[in-house]
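Everything below concerns the one structure shown next.
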Amino acid sequence: MYLTYGKALESAIQEILKQPPYQIDDIAALAIEQPPKIEYGEFALPIAFELAKRLKKAPRKIAEELAAQLRAKNIEGFSTFEIAGAGYINCKLDRCTASRDIASGRAKRPVPKAASSGVNHIFNPFILVEHTSINPNKAAHIGHLRNAILGDTLVRMMRVGADGKTKNIVGVQNYIDNTGVQVADIVVALTHLEGMNLAGVQQWMESLRKRGERIDFVCWDLYARVSQWYEEDPAQKEARKKIRMDTLHALEQGGNEISGIAELVSTAIVHRHLETMERLGIQYDFLPRESEVLRLHFWDAAFALMKKTGVLYREEKGKNAGCWVMRRAGTAGATDDGPDEEAKIIVRSNKENPDADGPVTYVGKDIAYHLWKFNKLGLNFSQKNFYTYPNGHECDISCLPDEKDPSIGPSHFGKAEVIYNVIDSRQTDPQNNVIEALRGMGFAEEAKNYHHFSYEMVALTPRCAEELGYALSDEDKARPFIEVSGRKGFGVKADDLIDRMIEAALGEVTARHPELDDATRTNIATKIAVGALRYYMLRFTRNTIIAFDFKDALSFEGETGPYAQYAAVRAANIFRKAEQSNDPLLQNAQTLADEQYSKAMQHILGELSIEETILKAYSSSHWNVAPFFSGEEGDSIWEVWLAASKTAPIIDQAIRTTEPAFLAKYVFQLAQQFNNFYHRHHILTEADPARKALLLATAAVALRELTRALGWLGIEVPEVM
RNA sequence: GGGCGAGUAGCUCAAUCGGAUAGAGCACCGGCCUUCUAAGCCGGGGGUUGUGGGUUCGAUUCCCGCCUCGCCCA
């Protein structure tokens, strides 16, 4: 709603500027701000400052002239235009009209702009988001949580769309590198440290299952052990490195005992990762695997295409002689003086046979994979069901085609128009290489629609690391943070953190609601823990390194998810109580709402909730609420409405900038406004019916918007807290 | 050596396209539970926005130099 009024104001001022005496039509983006204080109004125009230069006139004088013209226009919903400071035009809304608009949820939606982001198209594109992508060789840790929560929140926001209503088609992928060196390491650990063969691994996994031990946790330690094993004995270092490489090659080759072990273990760990993420409400549609990228020869097709389009050339001289390389963006490239030493190697040289090609690099495989995403490769994965979520949603996994198996069919994912890859900022360089390669192959549109959704890592504070029992050097102790390392087994496992948070929340719930049964309390505690964790990972802007700290993460007070959940629960309590006491105002509201919202509609769309009833009634009511909106008291009520009207522009901003932290901040601010209001005004004991209606509608609008906004963040509102 | 990011209150972080008195939370101090839930509310102290220049009506924001830290590439 805030957006709608802003647009109306903007077009009004543009119209005035186009007329004499100004005749200005080259101000593309008109700045509209919010004044620092509510009593100054809802919008501020600093336009006079800009015009002062052109017109060589005092800004205040210009502002006065413009304000007079704005007043003459009688813009719907606006009441006054005043001059403040050196030349701001402060615009005030008519609070009665505006609040009824906000209550109705009626958006007089402006025509959507052609979006550069590719998200707002009238014909919605197929958007493919890829996130999580954990190596399937160990348990998920806090760094992976940030990735998955950011990715999932982006998906939730985009599925609904910037205007809060449009449904976009967004697919969610979780890429599984099941033939990489990290999986090879875990296989080495099992075969060489534990001395198991394929049958032994099968037995071992069966015994883990019986004991209820989590394989990803066991592998966490195993992975740390094998990483150490490679290094610990200088005499054995070369031999062990060879074991590692041989294992990796066998794994890439497939169809042998080593790859069989890898398949078993990595698949079980992928299952664990899905379960972990599901605890936070995160689900996937498709799991493309590296093994199929290899078996289906994606790279060969991409290699041919890259040669054909001249993106790759074989370097004859210098240190990269014998390699297929690609020029990096922003570098000079090869000159007469010599080879391009800065070029990115895509295919390594072959040490045994200089005329043949060596192994392809990771970026090379990634280029092939991204050609598939944009349907430019001419090859496709097959897929089969991998996991069915409790809500019935199915997650598929890549596989080889098999005509005899009717459950296997071609993947329908490799036809994205817009992609988002949620990958931490350390991968910026390789991501840019992929984009550059696409552009070089002539896929300019695809390169433009390729978004590296980058974010900084989650690290541990030195205090937290010591708390976890890691010995730190003096150098490390002096650092602001310490990087999480899977190879060192150094980090906080996702499941452990979630368990701790649920436990902490359960303690609070039990203290407050001893009358509830165990299952109910656990259910509520889980929602609170998820709210706290998701909010914690979203409250920081993307390029802020999170120095993880248990104290902050386990906090349920202040700027946290539970703070916002609590505000919503308190609002909901008002309506529960009102309903229980058969509040006469509710009866009145019901009648009014029924007039607005025919029985037939109710039949189709379901019963209105009590707060929706209030809002429906309020939006068309005869109650004279104008007196209650004035003065300082009125300001405190109006602030809730104003905050609640901003959901749509905030969502728009969060999608446009791919910055979920904006939405998180907004949720907190709205909750703060509501808590403030809640404390100041006692609603159910209000004697004046009109004022009571306004107060109820205020609580209702806060509840509605809090619930919506929390929903985008993947945070549910518990029944009680 | 090159590229990218960061430096804001004791701590952790915000700050829209360059706007009004740089905001929150935590921690600390002092108040508020007989009311719709105190996971809350109110009040208080706490700032040369790393540093030196520049651009202008106005700079945390843009430009240049320097310092410190992190990441990536070679």
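Keep in mind it's a predicted model, so treat the numbers as computed, not measured. Below, chains carry the letters A, B, ... as their sequence lines are ordered, and counting in each starts from 1. Side-chain atoms are counted along with the backbone in the values below, which use heavy atoms only and exclude waters and symmetry mates.
Each of A:Glu719 and A:Ile89 was assigned the nucleotide of RNA chain B with the nearest heavy atom; the assignment lying further toward the 5' end belongs to A:Ile89.
Note on A:Arg539: every side-chain N or O is 4.0 Å or more away from OP1 and OP2 of B:A14. Applying the 4.0 Å criterion to OP1 and OP2 of B:U35, one finds that A:Tyr678 has every side-chain N and O outside that range. Regarding contacts with the backbone of B:A39, a side-chain N or O of A:Arg512 is found under 4.0 angstrom from either OP1 or OP2. A close approach under 4.0 Å does not occur between any side-chain nitrogen or oxygen of A:Asn573 and OP1 or OP2 of B:C36. At least one side-chain nitrogen or oxygen of A:Arg570 sits closer than 4.0 Å to the OP1 or OP2 atom of B:A38.
Other residues, nucleotides and ligands contribute more than 12 heavy atoms inside 6.0 Å of the CZ atom of A:Arg576.
Ion pairing between A:Glu633 and A:Arg680 holds under the 4.0 Å rule for side-chain N and carboxylate O.
Across the C1' atoms, B:C4 and B:U21 are found 36 Å apart, a figure rounded to whole Å. Only the C1' atoms considered, B:C28 is 16 Å distant from B:U12, to the nearest whole Å. Taking the C1' atoms as reference points, B:U37 lies 24 Å from B:G30, given to the whole Å. Taking atom P on both nucleotides, B:U68 is separated from B:C26 by 36 Å, rounded to a whole Å. B:A22 and B:C13 have their C1' atoms separated by 14 Å, with the value rounded to a whole Å. Between B:G7 and B:U61, the two C1' atoms lie 14 Å apart (nearest whole Å).
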**Report entry** Secondary structure of RNA chain B in dot-bracket form (Watson-Crick or G-U wobble, distances below 3.5 Å, | marking inter-strand pairs)
**Finding:** (((((((..((((.....[...)))).(((((.......))))).....(((((..]....)))))))))))).
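Proximity of a side-chain donor or acceptor of A:Thr510 to a complementary backbone N or O of A:Leu506 within less than 3.5 Å is detected.
At a cut-off of 3.5 angstrom, counting only N and O atoms as typed in the model, there is no donor on one side facing an acceptor on the other between the side-chain of A:Lys551 and the base of B:U12.
Within residues 668-675 of chain A, the residues that have a heavy atom under 4.0 Å from RNA chain B are, in order of number, A:Phe668, A:Gln672, A:Asn675.
Counting to the nearest Å, the P atom of B:C71 and the CZ atom of A:Phe481 are 7 Å from each other.
Closest to the side chain of A:Asp429, from the set B:C72, B:A15, B:C36, is B:C72.
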